[in-house]
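Below is one structure, written out as structure tokens; comments come after it.
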Amino acid sequence: MRKLTENKLVLASHNEGKLVEITELLKLFGKSVISAGDLGFDEPPETENTFEGNARIKAHYAAKTSGIPALSDDSGLQVQALGNAPGVYSADWAETPDGRDFDLAMAKVWDALKQTNAAEPFKARFICVLCIAWPDGHDEIFRGTVEGSIVWPKRGAHGFGYDPIFQPIGLDQTFGEVDPTLKHEMSHRADAFTKLTLGCFGD
């Protein structure tokens, strides 16, 4: 596994929530981050049907365009009763002509669950796949998960995306309610990031 010796990375994302979380995680290792959005990069089409495939698209595009290593995050919500939807299309469920609306996306999840007649708890998981790509075409992939269930109505104003309807196992609060520090310790992104640091930052 290739080690990341560079101290500066491009975050191949235009998502402000992801930028904040990942920047805080990388600070612990002396890595600075600049976002693809700040560099004026376009978002490449995500044409794959897996988290790994889409993470690779974003990371390789940013690495080749910037000339320095790039880190991408492709993540989403899988709901068991919905056949693991919205999955890789989690962001698509939030798309509107005026931009992404995750209040709308969360309502879509709940409406779809009501149509299934499934029994509670509505098991779900968040998945995060991180990809570090180098300008020479090499990459490393890391997958993280956190298990939980869907609750309604949405609760909490922290986090982003589907956080207010996702209650992780072992807590009586959603990711939208818990302190961000606690979320950063137990989230799917934290799980993937732990694997990344052991693989690419370790000795």
Side-chain angles (χ1 to χ4, degrees), residues 13 15 17-18 20-22 24-25 46 48-59 71-95 100-132 140-199:
S13 176
N15 184 307
K18 289 182 181 180
V20 169
E21 287 193 6
I22 292 174
E24 288 302 312
L25 291 167
E46 296 178 26
E48 297 292 326
N49 60 5
T50 65
F51 294 109
E52 284 81 1
N54 286 325
R56 281 193 163 105
I57 287 173
K58 292 183 282 190
L71 173 65
S72 69
D73 168 316
D74 201 62
S75 52
L77 176 70
Q78 292 185 333
V79 182
Q80 187 179 90
L82 301 182
N84 288 333
V88 295
Y89 306 107
S90 294
D92 294 341
W93 281 37
E95 291 292 352
R100 290 177 180 170
D101 181 346
F102 278 96
D103 286 336
L104 174 65
M106 287 184 281
K108 285 182 179 179
V109 168
W110 185 248
D111 288 343
L113 274 172
K114 288 191 294 184
Q115 298 295 321
T116 67
N117 295 316
E120 295 188 54
F122 302 119
K123 293 181 180 179
R125 69 170 60 91
F126 270 130
I127 292 176
C128 169
V129 171
L130 298 176
C131 176
I132 294 184
E140 301 288 352
I141 290 280
F142 306 91
R143 173 181 275 240
T145 61
V146 61
E147 303 287 337
S149 60
I150 299 300
V151 299
W152 194 262
K154 62 179 181 172
R155 306 198 310 254
H158 294 306
F160 59 96
Y162 295 91
D163 283 352
I165 62 169
F166 182 82
Q167 183 172 307
I169 290 175
L171 293 183
D172 59 4
Q173 293 178 302
T174 69
F175 270 167
E177 294 176 294
V178 299
D179 185 278
T181 302
L182 177 58
K183 181 195 170 186
H184 293 167
E185 291 174 355
M186 65 182 300
S187 73
H188 50 311
R189 192 160 291 110
D191 184 28
F193 198 84
T194 296
K195 295 170 183 174
L196 180 154
T197 56
L198 290 173

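Values below: all heavy atoms of this structure, side chains included; hydrogens, waters and symmetry mates excluded. Being a predicted model, the structure only gives us computed values, none of them experimental.
- Listed by chain and number, the residues in a side chain to side chain donor-acceptor pair (under 3.5 Å) with E24 are K27 (sequence neighbours excluded).
- Residue K123 qualifies as open at atom NZ: its count of foreign heavy atoms under 6.0 Å is 12 or below.
- Note: F126 and F175 have parallel aromatic rings, judged against thresholds of 30 and 60 degrees for the angle between ring planes.
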Listing, residues 104-116 side-chain donor-acceptor contacts under 3.5 Å, not counting sequence neighbours, or none:
from : atom 1 : to   : atom 2 : distance (Å)
K108 : NZ     : W93  : O      : 3.1
T116 : OG1    : L113 : O      : 2.6
T116 : OG1    : A118 : N      : 3.1

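- Annotation: salt bridge (charged side-chain N to carboxylate O under 4.0 Å, His left out) contacts of E140 (sequence neighbours excluded): none.
- Looking at residues two or more places apart in sequence or on another chain, you find a side chain to side chain contact (heavy atoms under 4.5 Å, CB included) between H184 and E21, P180.
- Between the CZ atom of F160 and the NZ atom of K183 there is a distance of 4.5 Å, given to the nearest 0.5 Å.
- Counting only distance, with no hydrogens or angles, the side chain of K195 and the backbone of R143 share a donor-acceptor pair below 3.5 Å.
- Applying the side chain to side chain contact (heavy atoms under 4.5 Å, CB included) rule to A55 yields the partners S72, D74, V129, C131; only residues at least two apart in sequence or on another chain are considered.
- The minimum heavy-atom distance linking V79 with P86 is given by the pair CG2-CD, 4.4 Å.
- For residues 149-158, every residue pair satisfying the salt bridge (Lys or Arg N to Asp or Glu O under 4.0 Å) rule, not counting sequence neighbours, is listed here: D103-K154, R155-E177.
- The CD atom of Q80 lies 7.5 Å from the CZ atom of R125; values are rounded to the nearest 0.5 Å.
- The distance from atom CZ of F142 to atom CD of E52, rounded to the nearest 0.5 Å, is 12.0 Å.
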May I have the step-by-step check of side-chain contact (heavy atoms from CB on, under 4.5 Å) for L77 and S90, ending in yes or no?
-> CA-CA 6 Å; L77 176 70; S90 294; 4.1 Å; yes
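- Considering every non-hydrogen atom in both R189 and I22, the closest pair reads CD-CG1, 3.9 Å.
- Here the closest heavy-atom approach between residue V146 and residue M186 is recorded as CG2-O, 3.6 Å.
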Show the numbers, then the answer: is there a side-chain contact (heavy atoms from CB on, under 4.5 Å) between F122 and V151?
-> CA-CA 8 Å; F122 302 119; V151 299; over 6 Å; no
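- One distance of note links OG1 of T50 with CD1 of I141; it measures 8.5 Å at 0.5 Å rounding.
- We find the NE2-CG distance between H158 and D163 to be 11.0 Å, quoted to the nearest 0.5 Å.
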May I have the step-by-step check of side-chain contact (heavy atoms from CB on, under 4.5 Å) for H188 and D191, ending in yes or no?
-> CA-CA 5 Å; H188 50 311; D191 184 28; 5.5 Å; no
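- To the nearest 0.5 Å, the span separating CG on D92 from CZ on R100 amounts to 7.5 Å.
- Under the 3.5 Å distance criterion, the side-chain polar atoms of Q167 are matched with a main-chain donor or acceptor of L171.
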